[in-house]
Amino acid sequence: MTHDIKNIVHVSHLKKSFKSLEVLKDVSLDVREGEVVVIIGPSGSGKSTFLRCLNRLEEATEGEIVIDGVDITDKKCDINKVREKVGMVFQHFNLFNNMNVLRNLMLAPVDLKKKDKETARKEAVEMLGRVGLADKADAYPHQLSGGQKQRVAIARALCMRPDIMLFDEPTSALDPEMVGEVLEVMKHLAHVGITMVVVTHEMGFAREVGDRVLFMDEGRILEEGAPEKLFESPENERLKAFLSKVL
Amino acid sequence: MTRIITTYGPLLAVAMGQTLLLALYGLFFACIIGMIVGIMSVLESRVCRAIAAVFVNLIRGVPMIVLAYFIFFGVPYLWNSILGIGGLTLTALQAGSICLALNCGAYMAEIIRAGIESVDVGQMEAARSLGLPWWRSMVRVVLPQAIRTMIPSIINQFIITLKDTSILSVIGFPELVNTAKNVVAATFMSFQTWAIVGAMYLIVILLLQRAAKVLERRLKYDA
């Protein structure tokens, strides 16, 4: 392999069914290192399911998913090792309620013996600084606002030094005035070159930060391309209808 | 009343000690059984879930007095006479402890299963997404939260089990009720004796409830 830029995610012909309901129908995608891919589309289009397949929170029914060179549809692969390198941020934050902020950040690095306690603590504090919450290290999740929780969740994922970050509608559960602070952190991550796949309804963010935007509907990627092209001159009829409603 | 207390007080106190000992053995093993079966019932494996369900339904469907007779008389009979292996004798304390452990264990398993299921699945998913194995996620993230919601039900179950020790008077274990029966037989003072015995149970259970409240307050998250 002598490519300068490698594909960090390679998905081909992915299908996913829940019982008889086919949620993903033949989805393929490659993500290059450092790329920011934004997935938009109506509710129920399979965006979140697709994202959750990328770290096997959902098992693919058919198709191939290669993350960092590991085929995670292979039952024998060490999925925990792959997940260490794939950070995920959830719509509902999912901070560990039984731990304060600092311990939320330190849990995985220390428990998986990536770092000793002192190094992990130092890095956690530094990471909190980067998301603007250095003063919240001792707070418990229930004492934080939604925006603060989500920034902690991002910091928690970053503490594992992931090769790629997955965002599952990270601002959908937030009060409108808190959306900005979370998007700011995400923009910063994009600028420092972290590979990201973002499922979102924030069209402004998709346009400004995305290197590539995918439009999904009914379990398929119907159109993809640079944000300018997708938003200025969409070709697909359903994308046109979708944009006319959300923009 | 005073005569009962002065003459039979020490005897009843010892009997209360036996009751507590029996309850303690029973509860200790019930916690272990409950934890194992409770976790089995949330595993992905169908076999594990089926075993857990059969155990819980079986125990819940049989009155404890029947279970007590079965373990104390039936199991040694099976072992020694039917199977002809021989040499198995169970003391009333052993049989009683096993009986309590099985009975209380089944209910504890249900409490633990419900407690685990009450924790938002997002907590497990977040832990797994960081690369923690299922078991570590359970121990570090899910169980600590589940136990908090389980505490009132567990204490309730402890109290029920403590009172259920009285059922084991039927296999001749010298716990409080059994001893009280003897006191009544010797004195014919049934009103006084049973009033005292009732008060003794009540005091122990009230103390247990106080301890539970303190524990519950301690387990709040706020640092």
Side-chain angles (χ1 to χ4, degrees), chain A residues 48 51-52 54-59 78-114 137-143 149 152-154 156-162 164-168 173, chain B residues 31 34-35 38-39 42-49 111-155 212-223:
Chain A
S48 285
L51 199 71
R52 290 162 59 85
L54 296 183
N55 65 352
R56 220 166 86 182
L57 284 183
E58 304 291 353
E59 300 262 356
D78 185 353
I79 189 65
N80 293 326
K81 270 269 161 298
V82 176
R83 283 174 176 158
E84 287 175 10
K85 288 284 149 205
V86 182
M88 189 167 211
V89 174
F90 299 85
Q91 182 177 357
H92 296 288
F93 330 125
N94 298 348
L95 293 184
F96 306 134
N97 297 318
N98 55 325
M99 302 175 190
N100 66 19
V101 166
L102 200 60
R103 289 205 293 138
N104 260 276
L105 267 60
M106 289 167 59
L107 174 70
V110 174
D111 212 79
L112 297 169
K113 301 207 171 22
K114 298 276 141 197
D138 297 324
Y140 275 77
H142 69 90
Q143 297 165 323
K149 282 183 198 172
V152 171
I154 293 171
R156 177 176 68 180
L158 289 173
C159 278
M160 289 299 285
R161 307 273 162 192
I164 179 167
M165 288 281 286
L166 310 176
F167 292 83
D168 188 5
Chain B
C31 286
M35 201 48 125
I39 286 177
V42 297
L43 289 178
E44 231 176 284
S45 151
R46 272 209 198 132
V47 180
C48 285
R49 286 207 310 259
I111 293 169
I112 288 167
R113 181 188 60 74
I116 291 171
E117 283 175 357
S118 77
V119 177
D120 179 34
V121 290
Q123 296 285 310
M124 176 59 95
E125 286 183 351
R128 298 305 308 276
S129 79
L130 289 165
L132 288 172
W134 185 90
W135 188 243
R136 294 300 300 164
S137 309
M138 200 55 164
V139 170
R140 298 301 303 273
V141 176
V142 177
L143 280 181
Q145 296 181 53
I147 283 169
R148 242 179 108 254
T149 66
M150 286 168 356
I151 292 286
S153 312
I154 289 178
I155 296 299
K213 279 270 170 283
V214 173
L215 185 66
E216 237 173 288
R217 234 174 293 137
R218 285 260 178 92
L219 281 173
K220 290 253 160 78
Y221 294 141
D222 321 51

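Each chain gets a letter, A, B and so on, in the order its sequence line appears, and its residues count up from 1. Below, all heavy atoms of this structure are taken into account, side chains as well, without hydrogens, waters or symmetry copies.
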- Give, as side chain, backbone, both or neither, the part of A:F90 having an atom under 4.5 angstrom from any heavy atom of chain B.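 Contact with chain B: side chain only.
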- Message: Need one label for A:R52: side chain, backbone, both or neither, based on atoms under 4.5 Å from any heavy atom in chain B.
- Response: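 Only the side chain of A:R52 comes within 4.5 Å of chain B.
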- Task: Check whether any side-chain heavy atom of B:D120 lies under 4.5 Å from a side-chain heavy atom of A:N97, and answer yes or no.
- Result: no
Closest non-hydrogen atom pair, [X] against [Y]:
X	Y	answer
A:L107	B:V141	CD2-CG2, 3.8 Å
A:N98	B:P144	ND2-CB, 3.3 Å
A:F96	B:A126	CE2-CB, 3.9 Å
B:R128	A:R83	O-CD, 3.0 Å

- Out of curiosity, B:Q145 CD to A:M99 CE, how far, rounded to the nearest 0.5 Å?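 B:Q145 CD to A:M99 CE: 8.0 Å, rounded to 0.5 Å.
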- Task: Considering only heavy atoms and a distance below 4.5 Å, find which of A:L166, A:L95, A:V86 pairs most often with chain B.
- Result: A:L95
- Given the options A:I79, A:L112, A:N80, which has more heavy-atom pairs under 4.5 Å with chain B than any of the others?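 The answer is A:N80.
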- Set of residues satisfying side-chain hydrogen bond (donor to acceptor under 3.5 Å, both in side chains) with respect to A:D111, sequence neighbours excluded: B:R136, B:R140
- Query: Under 3.5 Å, side chain of A:N55 to main-chain N/O of B:S129, donor-acceptor pair present?
  - Reply: no
- State whether the side chain of A:E84 and the backbone N or O of B:L130 hold a donor-acceptor pair below 3.5 Å, judged by distance alone. no
